[in-house]
Amino acid sequence: MIKRELYLEQIRPFIAKDVVKVITGLRRSGKSVMLDLLYSEIGDPEHSIYLNFESKKNAKYTNADSLFDFISQKVGDSRDKWYLFFDEIQEVINWEEAVNSFRVDFDADIYITGSNAKLLSGELATLLSGRYVQFVIYPLSYREFLLLNEGKSFADYLKLGGMPFIGNIINNEKAVQLYLEDLYNSIVLKDVIKRNKIRDVDLLERIITYVLANISQTFSATSIAKYFKSEQRSVSTDTVLNYIKACEEAYLFYKLKREDIKGKRILEVAEKYFVVDHGLREAVYGKNQEDVGLVLENIICLELLRRGYTVTVGAIDSEEIDFIAVRNNEPVYIQAAYLLPDKKTREREFGNLLKIEDNYPKYVVSMDEVNMSQRGIKHLNIKDFLLGDWG
């Protein structure tokens, strides 16, 4: 287990503060480990309660009333601060009511995890009325991958991805493949199909395959519907949108909208989708080596999200800027390329960025080892980008 300081640094300012700490993200991405790290860091076992609701022994507490009764008995009339840790809280029926009661009735510092973006929708947001803060946990960054897997390289990361558990079986590629396939099936079954009561599982799987095949590519739900029509399969655009949205809520996909840089407006058509872990793509769809340029772009996108940027795809004149990443109201512009083998390619990648007239940082990221920075635009090797403190 590695200490994931990137997230701990974000959470520490809120320890013992009157806000519920909500830790979300893809199933098996490290949320439970983060809860364990926080439990250890707070270091008050006499006044801490930790419940994992995926455990059978806690099944009797999976409704709001029984959970509240159990915590009330533990806390009693104590005036001390209690630290409550609830793993996979969505397994508790009406859990929002219990969590809100703990906040109101006790001096409680509350930490919860869940595997769905809808965790904070609806009633919880109303009950807590701004009394929560959310942290999204992603699969391992390249830096974390190297810390966990001594002796491995970027080529290994490119092939295997960043799901934390694979560190236990890193030298057995068949075992990694099997684990990632089973994890994917679990995500789709538990967090997409069951949660959204999807009946047409075959259609869902076809849509997921389409998105996996076209990561980093601009397309729309209408284009997917047309594709299926050409395959003699009728499907409405709304159905496509709903199924992809369900995958987004399970943190399987991330959607980036397109932004008109000159007009400073969000465009309503042809977004891009990225998969949460490129290792999952290889296990389920394959072709990462063939699509290495797309996979590199996917890795860059997730790194930007991991570092806390708000990310869109840029459009300027008739050209595309791969990423506009904004943090603290300051943008960074990034072009991603597999290699820059010739003058024409370099002119295209650097030229698109030169069309942007402001003075904010601009980067071209590729696998080239030679520094090709020019005209105020920095060129970074992908490893330097992932390990560096450029932003």
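Heads up: numbering here begins at 1 and tracks the sequence.
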Asker: Is a side-chain donor-acceptor pair under 3.5 Å present for D358 with Y333?
Answerer: yes
Asker: Verify the distance criterion only: is there a donor paired with an acceptor across the side chains of D200 and Y243 at less than 3.5 Å?
Answerer: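 No, no side-chain donor-acceptor contact under 3.5 Å.
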Asker: Between Y254 and Y138, does a ring-ring contact (aromatic ring centres under 6.0 Å, His included) hold up when you go through it step by step?
Answerer: CA-CA 11 Å; Y254 287 86; Y138 298 92; 5.7 Å; yes
Asker: Donor-acceptor check, side chain of D109 to backbone of I15, threshold 3.5 angstrom: yes or no?
Answerer: no
Asker: May I ask you to decide if the ring planes of Y142 and F145 are parallel, tilted or perpendicular, using 30° and 60° as cut-offs?
Answerer: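 Parallel: the ring planes of Y142 and F145 meet at under 30°.
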Asker: If we ignore hydrogens and angles and just use 3.5 Å, is the side chain of K272 paired with the main-chain N or O of S216 as donor and acceptor?
Answerer: yes
Asker: Would you say the side-chain atoms of S236 and D238 include a donor-acceptor pair closer than 3.5 Å?
Answerer: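 No.
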Asker: Under the criterion side chain to side chain donor-acceptor pair (under 3.5 Å), which of E91, E88, K190, E249 is the partner of S115?
Answerer: E88
Asker: How about E173 and Q177: does a side-chain donor come under 3.5 Å of a side-chain acceptor?
Answerer: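 No, no side-chain donor-acceptor contact under 3.5 Å.
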Asker: Does a donor on one side chain and an acceptor on the other come within less than 3.5 Å for N352 and K362?
Answerer: no
Asker: For side chain to side chain donor-acceptor pair (under 3.5 Å), just list the numbers for D87 and T113, CA-CA rounded to whole Å, side-chain angles, deciding distance to a tenth of an Å, and then say yes or no.
Answerer: CA-CA 5 Å; D87 202 4; T113 77; 2.5 Å; yes
Asker: Is a donor from one side chain sitting under 3.5 angstrom from an acceptor on the other, for D69 and S72?
Answerer: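 Per modelled atom types, D69 and S72 side chains form no pair under 3.5 Å.
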Asker: Please give me the minimum heavy-atom distance between K81 and H47, naming the atom from each residue.
Answerer: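 That closest heavy-atom pairing would be O-CB, 3.5 Å.
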Asker: Would you say the ring centers of F86 and F102 fall short of 6.0 Å from each other?
Answerer: yes
Asker: Any luck finding a side-chain donor-acceptor pair between T345 and D342 under 3.5 Å?
Answerer: yes
Asker: Whether R4 and E144 form a salt bridge (side-chain N of Lys/Arg under 4.0 Å from carboxylate O of Asp/Glu) is what I want to check.
Answerer: yes
Asker: Just by distance, with hydrogens left out, do Y251 and T24 show a side-chain donor and acceptor under 3.5 Å apart?
Answerer: yes
Asker: Under a single-linkage definition using a 4.5 Å side-chain heavy-atom cutoff for Ile, Leu, Val, Met, Phe, Trp and Tyr, are L302 and Y7 assigned to the same hydrophobic cluster?
Answerer: yes
Asker: Do Y273 and F219 have ring centres separated by under 6.0 Å?
Answerer: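 Yes, they do, as the ring centres are separated by less than 6.0 Å.
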